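These figures come from a predicted structure and were not determined experimentally.
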Amino acid sequence: MPLSAPTSAYVHIPFCRRRCFYCDFPISVIGNRKRGETSSTISTYVDWLCQEIKATPVLGPALKTVFFGGGTPSLLSVAQLEQILQTLDQQFGIATDAETSMEMDPGTFDLSHVQGYCARGVNRISLGVQAFDDGLLERCGRFHRLVDVHRAVDDMHQSQVPSWSLDLISGLPYQTLEQWQEAVERAIAIRPHHISIYDLTIEPQTPFGKQYQAGEQPLPTEAATVDMYRLGQQILTNGGYGHYEISNYAKPGHQCRHNRTYWENRPFYGFGMGATSYTQGQRFARPRTQKTYRQWLNNYQQAGGILDEPSLPVTEQLTDSLMVGLRLAEGIDISAFINAFGAAFIGMLNSRLHPYVTSGQAIFENNRLRLSDPDGFLISNTVLADLFHGIEQLTEK
């Protein structure tokens, strides 16, 4: 497959007040200390980030999207954010119309921070609300409470940030369908430009993973989480939010451009502890602790920013494209698959997809494959497993 140059950058800020009970991300817990008490710790990490950025070869035109994820990027000072953005701009250039996104958690910032971030170039904010119920927030190990959510939402409106998103999680312990309906309706009433809904995933090494089994009480049953997904989809689409990706809804003009880089399987730079990059056909995840990341960074600088990683085989690039592309409402263009596997791919596709096409869960037309909303999205893993098995058989021939 032809490789394009990356025009997106993900920057990982690992610091959190505490680790949520469902979280499996690479983070560093700093507790409830004031910003000034943690500035040296965070500043040291920011310096490392900037060193990695400066050591990375420029592979293409200016950046069109930048995404600060975590962790909790809103624990950065305005000056620390500015330092990172200036370094990115000096090394790669940032387009004047670039989308610059920042994840922010209620209770970790005030209006002056939002205004400061926006003045330095942030034009999209993702607000990690997760629930509108103090009991649910506490059971999840979240740092913030509902009063912090209200304050954060007020800050979003007062700052007039051009685009902001609100995150919710479904399928939480003891969560009822009635609570979920209220949460989605409250989210719409707040009037964000974008809403993301994630179904709780139980990761093995997390507190939830050690405490709960998926589908067993006090977690909602699988049938209940399906009902939550359908209800959320109905309320949000009726509320004017376009369902453009399995977990994401947006008002017109407010889709997340950066995340579309992932869903379209396009290359991107990654910077920081635990961050993944996809450049020059190489997909690479950085070490997940500060100590090992620092050691890796020293080696990376000495190697002149060259990653000693094998390129992904064409088949893996294609299956990756299939896996992420079917998350999008428009699905995927299958031309690249036909070029790689020939007419046999169409035969396999027709055979494997027949029951899903018949049921209306998969739609194959105009050389594109997509899943229906919501029925197809709900069985996406099953459809993918069938298609991966079919591709595996094609490669063995």
Item to complete: Take Val324 and Tyr262 through the test side-chain contact (heavy atoms from CB on, under 4.5 Å) and record every step on the way to the result.
Response: CA-CA 7 Å; Val324 293; Tyr262 306 144; 5.8 Å; no

Which distance, rounded to the nearest 0.5 Å, do you find between the [atom1] of [X] and the [atom2] of [Y]?
X      : Y      : atom1 : atom2 : value
Ser126 : Met102 : OG    : CE    : 11.5 Å
Cys140 : Gln175 : SG    : CD    : 8.0 Å
Leu394 : Thr315 : CG    : OG1   : 9.5 Å

Worksheet item: Under 4.0 Å between a Lys/Arg side-chain N and an Asp/Glu carboxylate O for Glu392 and Arg352?
Response: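 Between Arg352 and Glu392 there is no salt bridge, as every charged N stays at least 4.0 Å from the carboxylate O atoms.
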
Worksheet entry | Salt bridge present between Arg17 and Asp105 (N-O < 4.0 angstrom) |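 Asp105 and Arg17: not salt-bridged.
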
Discussion item. Can a side-chain donor-acceptor contact be found between His389 and Asp386 if the only test is distance below 3.5 angstrom?
Written reply: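 Distance-only check fails for Asp386 and His389.
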
Worksheet item: With a 3.5 Å cut-off and no angle check, do the side chains of Arg257 and Ser101 form a donor-acceptor pair?
Response: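 Looking only at side-chain atoms, Ser101 and Arg257 do not form any donor-acceptor pair under 3.5 Å.
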
To check you understand the geometry: which heavy-atom pair defines the closest contact between [X] and [Y], and what is its length?
X      : Y      : value
Tyr300 : Pro57  : OH-CD, 4.1 Å
Ser165 : His194 : OG-ND1, 2.8 Å
Ile27  : Arg19  : CG1-NH2, 3.1 Å
Tyr293 : Pro287 : N-CB, 3.7 Å

Item to complete: Would you please test Met273 and Phe15 for side-chain contact (heavy atoms from CB on, under 4.5 Å) and show each step?
Response: CA-CA 10 Å; Met273 182 182 109; Phe15 304 100; over 6 Å; no

Practice prompt. Would you check, one step at a time, whether the test side-chain hydrogen bond (donor to acceptor under 3.5 Å, both in side chains) holds for Arg283 with Gln317?
Written response: CA-CA 10 Å; Arg283 196 178 298 277; Gln317 294 178 44; over 6 Å; no

Discussion item. Counting only heavy atoms not in Lys64 (residues, nucleotides, ligands), do more than 12 fall under 6.0 Å from its NZ?
Written reply: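 No - once you tally the heavy atoms of other residues, nucleotides and ligands closer than 6.0 Å, there are 12 at most.
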
Item to complete: Could you walk me through whether Gln361 and Val383 pass side-chain contact (heavy atoms from CB on, under 4.5 Å), step by step?
Response: CA-CA 9 Å; Gln361 294 165 310; Val383 175; 5.9 Å; no

Side-chain donor-acceptor pairs under 3.5 Å in residues 80-91, sequence neighbours left out?
unit_1, atom_1, unit_2, atom_2, d
Gln80, OE1, Ser77, N, 2.8
Gln80, OE1, Ser77, OG, 3.3
Gln80, NE2, Ser43, OG, 2.9
Gln83, NE2, Asp47, OD1, 3.0
Thr87, OG1, Gln83, O, 2.8
Asp89, OD1, Ile94, N, 2.8
Gln91, NE2, Lys54, O, 3.3
Gln91, NE2, Thr56, O, 2.8

Worksheet item: Is the backbone of Leu59 close enough, under 3.5 Å, to the side chain of Tyr269 for a donor and an acceptor to pair up by distance?
Response: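 Flag set: sc Tyr269 to bb Leu59 pair under 3.5 Å.
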
Worksheet item: Would you say the side chain of Phe68 lies within less than 4.5 Å of the side chain of Thr100, judging by non-hydrogen atoms?
Response: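 Sidechains of Phe68 and Thr100: in contact.
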
Discussion item. Go through it in stages, so that I can follow the logic: the residues are His258 and Val66, the test is side-chain contact (heavy atoms from CB on, under 4.5 Å), and I'd like the CA-CA distance, side-chain angles, deciding distance and then a yes or no.
Written reply: CA-CA 7 Å; His258 181 86; Val66 178; over 6 Å; no

